[in-house]
Amino acid sequence: MMQEEINELIAKAEGGDAEAQLALAYHYCDEAEKKLALFQSLPSGSPNLKGAAVMWDKNPITDAVNEDRRRAFLWFEKAAGLGSVEALYELSVCYERGAGTPSFPEKARKLLEQAANAGYMPAQYDFGMLYLYGKTNTAGEKEFPKDEALAVKWLLKAAEQGDSLAQYQLGECFEEGTGVEANEETAIAWYEKSAERGNELAYQALERLKEE
């Protein structure tokens with residue numbers, strides 16, 4: 001993105017345009033990823049970056065990565081405040097990963113649930129997967145309950161909107177009887193929907209079922 005385009009986005013974003021705020025946030029996310037890739041490609045003995053792999057906050061490249069992530073978070077936050085459900089979802093990702101903000105898993109899950117309830121497909125898929133496996137912290141303590149029936153409920157919402165990953169996962173659930181009564185015919189139907197959208201895992205599942 002050219003600097004002139006960025007300046008235009010900034011002007012619109014500062015004027016309260018939620019779409020511009022969202023676009024600007026994604027721009028800074030992209031910039032952070034580019035810088036991170038550069039950092040990871042450098043040998044550990046590069047000038048001024050010796051030991052950078054274990055000194056994340058003490059070198060110019062990773063400082064710039066952190067600054068881009070912080071900017072992205074702030075623009076996602078502004079867009080979410082103006083009602084952008086997509087930005088709400090991205091905020092949940094930021095809080096989960098600790099990108100541009102300290103990590104707050106509980107807050108991340110609350111925002112994820114809000115975005116899922118608002119009908120945002122990626123949030124519905126993520127929320128379904130969260131219920132499918134549950135989550136424990138590093139101490140082995142349960143942070144989020146596993147509930148396979150609720151997992152199927154949310155995966156179904158995403159699948160019905162055309163999410164190929166959710167469609168594939170539903171195929172597995174119906175094939176294995178996870179959170180729902182096993183039904184191979186229904187499993188095949190969901191695998192086929194997912195395969196139609198190019199999901200290679202769904203193709204493999206269909207081939208496997210044909211051989212059995």
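The figures here come from the full heavy-atom set of this structure, side chains too, leaving out hydrogens, waters and symmetry mates. We count residues from 1, following the sequence as given.
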- Message: Applying a strict under-4.5 Å side-chain criterion to I, L, V, M, F, W and Y, I'd like to know whether Val93 and Phe127 cluster together.
- Response: yes
- Query: Any salt bridge between Glu31 and Arg71, counting N to O under 4.0 Å?
  - Reply: no
- Message: Please find the pair of heavy atoms, one from Ala195 and one from Ala202, that lie closest to each other, and give the distance.
- Response: N-CB, 3.6 Å
- Message: For the CD atom of Gln167 and the CZ atom of Arg197, what is their distance to the nearest 0.5 Å?
- Response: 5.5 Å
- Parallel under 30°, tilted from 30 to 60°, perpendicular over 60°: which one fits the rings of Phe76 and Tyr26? perpendicular
- If the plane angle is over 60° it's perpendicular, under 30° parallel, otherwise tilted; pick one for Phe73 and Tyr95. perpendicular
- Return yes if some donor-acceptor pair links the side-chain N/O of Tyr131 with the main-chain N/O of Asp147 below 3.5 Å, else return no. no
- Query: Nearest heavy-atom pair of Ala115 and Leu88: which atoms, and what distance?
  - Reply: N-CD2, 3.8 Å
- Listed partners of Glu211 passing side chain to side chain donor-acceptor pair (under 3.5 Å), at least two apart: none
- So, are Glu8 and Lys12 salt-bridged, with charged N and O less than 4.0 Å apart? no
- Does a side-chain heavy-atom distance below 4.5 Å link Met129 with Leu165? no
List the atom pairs, donor and acceptor, that lie under 3.5 Å between side-chain atoms in residues 152-159 and the rest of the protein, sequence neighbours left out.
none

- Message: So does Glu172 get a backbone contact from the side chain of Tyr191, meaning a donor-acceptor N/O pair under 3.5 Å?
- Response: yes
- Message: To check you understand the geometry: which heavy-atom pair defines the closest contact between Cys173 and Leu132, and what is its length?
- Response: SG-CD1, 4.4 Å
- Message: Tell me whether Leu22 shares a hydrophobic cluster with Leu74, the cluster being built from Ile, Leu, Val, Met, Phe, Trp, Tyr side chains joined at under 4.5 Å.
- Response: yes
- So, for Asn199 and Ser164, which heavy atoms are closest and what is the spacing to 0.1 Å? ND2-O, 3.6 Å
- Message: Is a donor from one side chain sitting under 3.5 angstrom from an acceptor on the other, for Glu207 and Tyr203?
- Response: no
- Taking NZ, NE, NH1 and NH2 as the nitrogens, is one of them in Lys110 or Glu106 under 4.0 Å from a carboxylate oxygen of the other? yes
- Message: So which atom in Tyr89 and which in Ser92 form the shortest heavy-atom distance, rounded to 0.1 Å?
- Response: O-OG, 2.5 Å
- If you group Ile, Leu, Val, Met, Phe, Trp and Tyr by side-chain heavy-atom gaps below 4.5 Å, do Leu170 and Tyr125 land in one group? yes
- Message: Going by side-chain contact (heavy atoms from CB on, under 4.5 Å), name the residues that satisfy it together with Thr186, two or more places apart in sequence or in a different chain.
- Response: Phe174, Asn183, Trp190
- Query: Salt bridge between Lys35 and Glu67, side-chain N to carboxylate O under 4.0 Å?
  - Reply: no
- Would you please test Leu36 and Arg69 for side-chain contact (heavy atoms from CB on, under 4.5 Å) and show each step? CA-CA 11 Å; Leu36 182 59; Arg69 287 176 172 173; 3.6 Å; yes
